[in-house]
Amino acid sequence: MLTDYHLHLRTDERENTAERFFTSANAERYREAAEERGIAELGVAEHIYRFTAALEIWQHPFWQRYAVDDLDDYCGFVREETDLKLGLEMDYVPGREDRIANVLEAREWDYVVGSVHFLRDHSLDTEEYGIWGTGESPERVWRRYFETVAESARSGLYDIIAHPDLVKVWGRSTPQPDGDPRRYFEPAVEAFLDAGVAVELSTAGWRKPVAEQYPSVPFLEMLVDAGCPLALSSDAHTPEQVGFEYERAVELLESLGVRELAVFEARDRRLEPIG
Ligand SMILES: [Zn+2]
Ligand SMILES: [Zn+2]
C-alpha cells in the first residue's frame with residue numbers, strides 16, 4: 001500500500017475558490033494521477049485557515065484574509081462527492097487547544113494533520129510575516145520551532161505531525177544553527193513517542209529551496225530507531241504533484257528498514273506493508 005494523505009485540491013492563492021476546486025471532477029484528477037503512480041490510499045487535508053471556522057481559533061491578519069470557505073461544506077463535499085479520505089491540515093496554535101478541539105470534535109475526520117507554520121505571529125514558510133530578519137538567532141528559532149512541534153504532538157489533537165522540520169524550508173538562504181542538529185530533534189521525537197502520533201515523511205521538501213524531504217535523514221533515523229509510525233505524503237497542491245518523488249521516498253524508507261506505513265480511517269490507525 002502507498003498513501004498520499006496530505007493533498008490540497010488547490011494552490012494557496014486566495015482566488016482559487018472552493019466553488020472552482022471542490023468539485024468531483026477535480027478530485028477525480030487527483031485520483032487518476034494517483035492510480036498512474038500506484039497510490040491506492042488518498043486523502044485531502046485542506047488548510048484550516050481557508051475556512052471561516054479558523055477565526056474561532058486565531059485572528060492573525062493572514063488568516064483573516066484567507067478564511068472565506070465553510071468547513072462543513074468541505075466535509076460534506078469530500079464525503080458525498082469524492083472517494084477520498086477526509087482530513088484537515090490544522091495549525092497548532094499554542095494556548096488555543098480548547099478552541100482547536102471544538103472545531104475538530106464537531107466533525108468526523110479520518111485523520112487530522114498537525115502543522116506548525118507560525119511561531120507566535122511570525123511565519124516559517126512564507127515571506128510575508130516571515131520570522132527570518134526579525135533579529136532572532138537561528139538557534140533560538142530552531143529551538144522554539146521544535147519545542148512547538150513537540151507541544152503540538154503532546155496536545156493530543158493530531159493523528160499525523162506534518163513536515164516535522166519545516167523550519168529548514170528556505171535552506172541556505174536563511175541562517176542555520178551550528179553543529180549537530182539532533183539536539184533539536186530529540187525533544188520532538190520523545191514527544192511523538194509519548195503522544196503515540198504518526199509522523200509524516202513529506203516529499204514536498206524536494207520542491208522547496210531546501211531541496212530535501214521532511215524530515216531530514218538524521219531526524220528520520222531517530223524516528224525509525226524510536227519506532228514512530230510514519231505516514232507518507234506529497235503535500236500536493238495540484239494533481240501533477242500527487243506522489244511527487246515517491247520512488248525516492250520509498251527507497252529512503254527501505255534503506256532505513258521501514259516496512260510499513262500508517263493508514264487511517266475514522267481517526268483509527270493501522271500499519272500496512274509498503275508497496
Ligand atoms: Zn503545511
Ligand atoms: Zn499542506
Side-chain angles (χ1 to χ4, degrees), residues 2-8 11-12 37 39 45 89 113-119 122-127 130-132 137-150 152-153 160-189 191-192 197-226 228-238 240-258 261-262 274:
L2 287 176
T3 63
D4 201 342
Y5 277 142
H6 188 152
L7 298 178
H8 301 270
T11 58
D12 292 335
R37 286 152 216 173
I39 305 163
E89 181 171 11
V113 178
S115 295
V116 175
H117 298 113
F118 282 85
L119 295 177
H122 289 115
S123 168
L124 292 151
D125 66 338
T126 60
E127 286 179 51
I131 193 149
W132 300 104
S137 69
E139 286 75 21
R140 191 172 144 79
V141 171
W142 277 51
R143 199 181 64 243
R144 286 178 62 210
Y145 170 75
F146 286 101
E147 280 170 4
T148 309
V149 170
S152 76
I160 303 169
I161 300 300
H163 42 60
D165 53 355
L166 180 71
V167 67
K168 72 182 179 187
V169 61
W170 300 109
R172 292 185 184 280
S173 61
T174 54
Q176 310 274 313
D178 292 326
D180 189 335
R182 281 176 291 193
R183 67 189 185 278
Y184 298 103
F185 311 148
E186 267 159 20
V189 174
F192 300 156
V197 289
V199 179
E200 181 180 79
L201 171 58
S202 171
T203 62
W206 277 313
R207 303 194 300 265
K208 303 291 166 134
V210 68
E212 123 180 324
Q213 80 292 335
Y214 308 104
S216 65
V217 169
F219 194 2
L220 187 58
E221 282 171 347
M222 289 167 75
L223 293 165
V224 173
D225 286 347
C228 266
L230 298 172
L232 178 61
S233 294
S234 68
D235 208 342
H237 286 65
T238 64
E240 294 70 35
Q241 292 173 347
V242 174
F244 178 74
E245 293 285 15
Y246 263 31
E247 278 174 30
R248 209 166 158 186
V250 168
E251 215 169 277
L252 175 59
L253 288 171
E254 279 172 357
S255 75
L256 296 174
V258 179
L261 291 175
I274 298 178

*Provide the full list of salt bridge (charged side-chain N to carboxylate O under 4.0 Å, His left out) pairs with a residue in residues 204-218, sequence neighbours left out, each pair given once.*
K168-E212
*Residues E186, F146; criterion side-chain contact (heavy atoms from CB on, under 4.5 Å); working and verdict*: CA-CA 9 Å; E186 267 159 20; F146 286 101; over 6 Å; no
_Name of the residue among I274, L256, L253 meeting side chain to side chain contact (heavy atoms under 4.5 Å, CB included) with L230_ = L253
*For H117, what residues pass the ring-ring contact (aromatic ring centres under 6.0 Å, His included) criterion, not counting sequence neighbours?*
H47, H163
*Using the test ring-ring contact (aromatic ring centres under 6.0 Å, His included), find all partners of Y246 that sit at least two apart in sequence or belong to another chain.*
none
*Could you tell me whether E251 atom CD has more than 12 heavy atoms of other residues or ligands within 6.0 Å of it?*
no
*For the side chain of D165 and the backbone of S216, is there at least one donor-acceptor N/O pair under 3.5 Å apart?*
yes
*asked:* Any non-hydrogen side-chain atom of V149 less than 4.5 Å from a side-chain atom of I161?
replied: yes
*asked:* Check whether Y145 reaches the backbone of P164 with its side chain - one donor and one acceptor, N or O, closer than 3.5 Å.
replied: yes
*Indicate yes or no for a side-chain donor-acceptor contact from S123 to the backbone of D125 under 3.5 Å, with no hydrogens or angles considered.*
yes
*Under the ring-ring contact (aromatic ring centres under 6.0 Å, His included) rule, collect the residues that match up with F192, sequence neighbours excluded.*
none
_Between L261 and L201, is the side-chain contact (heavy atoms from CB on, under 4.5 Å) condition met? List the steps._
CA-CA 10 Å; L261 291 175; L201 171 58; over 6 Å; no
*How far apart are the closest heavy atoms of E89 and H6, and which atoms are they?*
OE1-NE2, 2.9 Å
*Closest heavy-atom contact between A211 and W206?*
O-CD1, 3.6 Å
*asked:* Please give me the minimum heavy-atom distance between Y184 and P177, naming the atom from each residue.
replied: OH-CB, 3.3 Å
*Can you tell me how far CG of D235 sits from CD of E200, rounded to the nearest 0.5 angstrom?*
6.0 Å
*Verify side-chain contact (heavy atoms from CB on, under 4.5 Å) between L252 and V217, making sure each step is shown before the conclusion.*
CA-CA 9 Å; L252 175 59; V217 169; 4.1 Å; yes
*Tell me, do V141 and W132 make a side-chain contact under 4.5 Å, heavy atoms counted?*
yes
*Distance-minimising heavy-atom pair for L232 and L2*: CD2-CD2, 4.0 Å
*Taking side-chain contact (heavy atoms from CB on, under 4.5 Å) as the test, write out the residues that go with S137, two or more places apart.*
E139, R140
*asked:* Does F219 form a side-chain contact (heavy atoms from CB on, under 4.5 Å) with V189? I'd like the steps, not just the answer.
replied: CA-CA 8 Å; F219 194 2; V189 174; 3.7 Å; yes
*Does D4 use its side chain to pair, donor to acceptor, with the backbone of G243 at less than 3.5 Å?*
yes
*Not counting sequence neighbours, list each pair that qualifies as a salt bridge (charged side-chain N to carboxylate O under 4.0 Å, His left out) and has a residue in residues 173-185.*
D180-R182
*Is it true that a side-chain atom of W170 and a backbone atom of L124 form a donor plus acceptor pair closer than 3.5 Å?*
yes
*When rounded to the nearest 0.5 angstrom, what is the spacing between CH2 in W142 and CG in L119?*
12.5 Å
*Of V167, V169, T203, which is the lone residue that meets side chain to side chain contact (heavy atoms under 4.5 Å, CB included) with Y214?*
V169
*Shortest non-hydrogen contact from G171 to Q176?*
O-NE2, 2.6 Å
*asked:* Classify the ring geometry of H8 against H237: parallel below 30°, tilted from 30° to 60°, perpendicular beyond 60°.
replied: parallel
*Can you see which heavy atom on A162 is nearest to which on S115, and at what distance?*
CB-OG, 3.5 Å
